[in-house]
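Just below is one structure, and these are the notes that go with it.
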Number of protein chains: 2
Amino acid sequence: MPKRVDHAARRTEIGEALVRVAGRRGLHAVGMRDVAAEAGVSLRLVQYYFETKEKLLLYGLQQLTERFGERVAARLRAAGDHPGPRAMVEALLMAALPTDEESRTFHLLYTSYAVLAVHDPALAAQPFIKDPDAAEAALAGFLRQAQEAGLLRPGVDPGSEAIGLLAMSAGLGTSILVGQRTPDSATAVFEYHLDRIFRPDQHPAPTRQRRK
Amino acid sequence: MPKRVDHAARRTEIGEALVRVAGRRGLHAVGMRDVAAEAGVSLRLVQYYFETKEKLLLYGLQQLTERFGERVAARLRAAGDHPGPRAMVEALLMAALPTDEESRTFHLLYTSYAVLAVHDPALAAQPFIKDPDAAEAALAGFLRQAQEAGLLRPGVDPGSEAIGLLAMSAGLGTSILVGQRTPDSATAVFEYHLDRIFRPDQHPAPTRQRRK
DNA sequence: ACCATCGTGGTACGTTCGTATCACAACGTT
DNA sequence: AACGTTGTGATACGAACGTACCACGATGGT
């Protein structure tokens with residue numbers, strides 16, 4: 001059977017077009033014709049690779065979360081050079097804030113999908129709700145690790161802190177998105193809260209570099 | 001000039017119908033015909049009292065925030081009998097969580113409007129972004145008041161805590177909305193975080209109320 | 001070399017949406 | 001009592017949307 005084009009690649013292209021145009025004009029305003037135009041293909045092609053709009057949206061959501069997961073993972077790897085779990089925690093929390101265009105788009109579309117999922121069983125069944133759970137587990141892990149290293153103030157519960165910090169990150173992200181708060185102020189709030197979780201550095205130690 | 005019906009009351013009725021049907025099926029899925037049917041009037045009437053759909057949405061948003069503001073105020077008044085500012089803080093934070101149907105609808109629609117506002121200047125110009133600022137100021141006030149009464153742990157900054165708690169409330173609210181978290185678990189997280197802000201009660205004092 | 005299948009374009013169809021138009025009943029003012 | 005304004009119904013219109021249909025070039029298996 002003759003197959004000349006890479007279906008997966010095409011679907012990826014079109015999915016990225018969906019994310020781009022949805023980030024630019026809002027998910028509610030995007031139609032199949034807009035996606036086709038953005039991808040530089042005909043409407044028929046979008047129909048061909050995604051039979052229905054619902055499937056296109058589902059694929060777009062999946063691609064969005066995948067790409068963002070990779071982004072967060074890359075940030076965590078980049079923070080891996082620094083000593084201590086606090087850098088990890090900071091990297092994780094900062095990566096979720098809508099600071100640049102990509103994270104802004106992610107935050108906006110993720111929220112849009114979440115709103116739709118409230119009344120759309122097909123979207124609600126999608127495992128994109130599971131992503132926050134993974135982030136929460138990772139964050140709790142870092143905090144627990146810090147606690148075992150004696151880096152945390154007494155009385156801190158890693159699990160509750162992870163939930164709270166992640167929810168705070170989501171809330172602050174939305175505030176930034178609508179222009180109520182600046183990324184800098186959100187960062188400052190995070191620094192304050194992390195200072196109330198992590199024990200203060202007693203000695204500007206010579207042994208290891210703490211921050212670059 | 002003959003005027004036989006109360007325009008304001010009619011607009012309120014239709015606006016409430018909008019909020020109801022939008023809460024039931026999602027804001028993206030509501031059309032003028034749906035609002036008309038929900039309000040039990042003809043499509044023409046909705047057109048008559050709100051010339052355009054945009055104005056209807058704007059009015060619905062305004063009404064939504066007003067009603068919710070009153071709800072929060074009522075909760076705060078109800079908590080006024082309790083001693084100490086912590087009850088106030090708890091009342092404020094809990095009121096924002098989507099626990100019952102009304103607060104669920106509010107949370108869902110507010111988020112929907114916020115998403116739309118990102119690309120709709122008319123919505124963004126609406127002062128509904130100001131409401132969180134008011135809540136933040138009130139919350140910071142309660143915390144500052146508690147601090148002056150010596151009820152807070154050392155090193156707590158009322159302003160940063162207010163921002164963080166409110167963002168946390170928004171984030172937890174969304175989690176509850178999409179079914180990721182239960183209201184009870186969100187409440188528990190709040191209790192934990194408030195325990196890390198407020199000084200523990202040394203003496204389970206007798207029934208002496210300190211503030212009215 | 002043929003042909004079934006894949007990939008692609010163009011376009012039409014049915015629906016739904018927001019809005020506009022026409023008609024008319026009801027009441028207050030003069 | 002007549003009239004003009006107001007409130008209301010029914011319906012029409014144009015646009016946009018998702019989807020379906022039809023046609024055809026290209027290509028690989030046999």
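Worth saying up front: this structure is predicted, and the values here are computed from it rather than measured. Every chain is numbered from 1 and lettered A, B, ... according to where its sequence line falls, protein lines coming before strand lines.
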Note to self: Side chain of B:Leu43, heavy atoms from C-beta onward: which of D:dT11, D:dT8, C:dT8 has the nearest atom to it?
What the structure shows: D:dT11
Notebook entry, point to check: In whole angstrom, what separates B:Leu56's CG from C:dC17's P?
Noted result: 14 Å
Item checked: Between D:dA15 (C1') and B:Lys53 (NZ): distance, integer Å -> 15 Å
Notebook entry, point to check: Are any side-chain N or O atoms of B:Thr52 and backbone N or O atoms of B:Lys55, one a donor and one an acceptor, separated by less than 3.5 Å?
Noted result: no
Next item on the list: Round to a whole Å and report the spacing from NE2 of B:His28 to C1' of D:dC17.
Entry: 15 Å
Checklist line | Presence of A:Thr52 side-chain N/O under 4.0 Å of D:dG18 phosphate oxygens OP1/OP2 | finding: no
Check: For B:Arg11 and D:dT8, what is the distance between atoms CZ and C1' respectively, to the nearest whole Å?
Finding: 17 Å
Next item on the list: Would you mind telling me which of D:dG7, D:dG18, C:dT19 lies closest to the side-chain atoms of B:Tyr49?
Entry: D:dG7
Notebook entry, point to check: Taking only N and O in the side chain of A:Ser42, is any of them less than 4.0 Å away from OP1 or OP2 of C:dT8?
Noted result: no
Check: Does B:Tyr48 place a side-chain N or O at less than 4.0 Å from the phosphate oxygens OP1/OP2 of D:dT8?
Finding: no
Item checked: Length of the line joining A:Arg33:CZ and C:dG10:P, which is rounded to integer Å -> 13 Å
Check: Can you check the B:His7 NE2 to D:dT6 C1' distance for me, whole Å?
Finding: 8 Å
Note to self: Show me the pairs that pass salt bridge (Lys or Arg N to Asp or Glu O under 4.0 Å) and involve residues 168-193 of chain B, at least two apart or across chains.
What the structure shows: A:Glu136-B:Arg181, B:Arg86-B:Glu191
Next item on the list: Mark yes or no for whether A:Tyr110, through its side chain, and A:Phe128, through its backbone, hold a donor-acceptor pair below 3.5 Å.
Entry: yes
Next item on the list: Hey, which sits more toward the 5' end of DNA chain D by its nearest nucleotide, A:Ala29 or A:Arg44?
Entry: A:Ala29
Notebook entry, point to check: In whole angstrom, what separates A:Gln47's CD from D:dA20's C1'?
Noted result: 7 Å
Notebook entry, point to check: Does A:Arg153 reach the main-chain N or O of A:Asp195 with its side chain, forming a donor-acceptor pair under 3.5 Å?
Noted result: yes
Note to self: If I take atom CE in residue A:Met32 and atom P in nucleotide C:dC13, what distance separates them, rounded to the nearest angstrom?
What the structure shows: 21 Å
Notebook entry, point to check: Angle class for the B:Phe68/B:Phe106 ring planes (parallel below 30°, perpendicular above 60°, tilted otherwise)?
Noted result: parallel
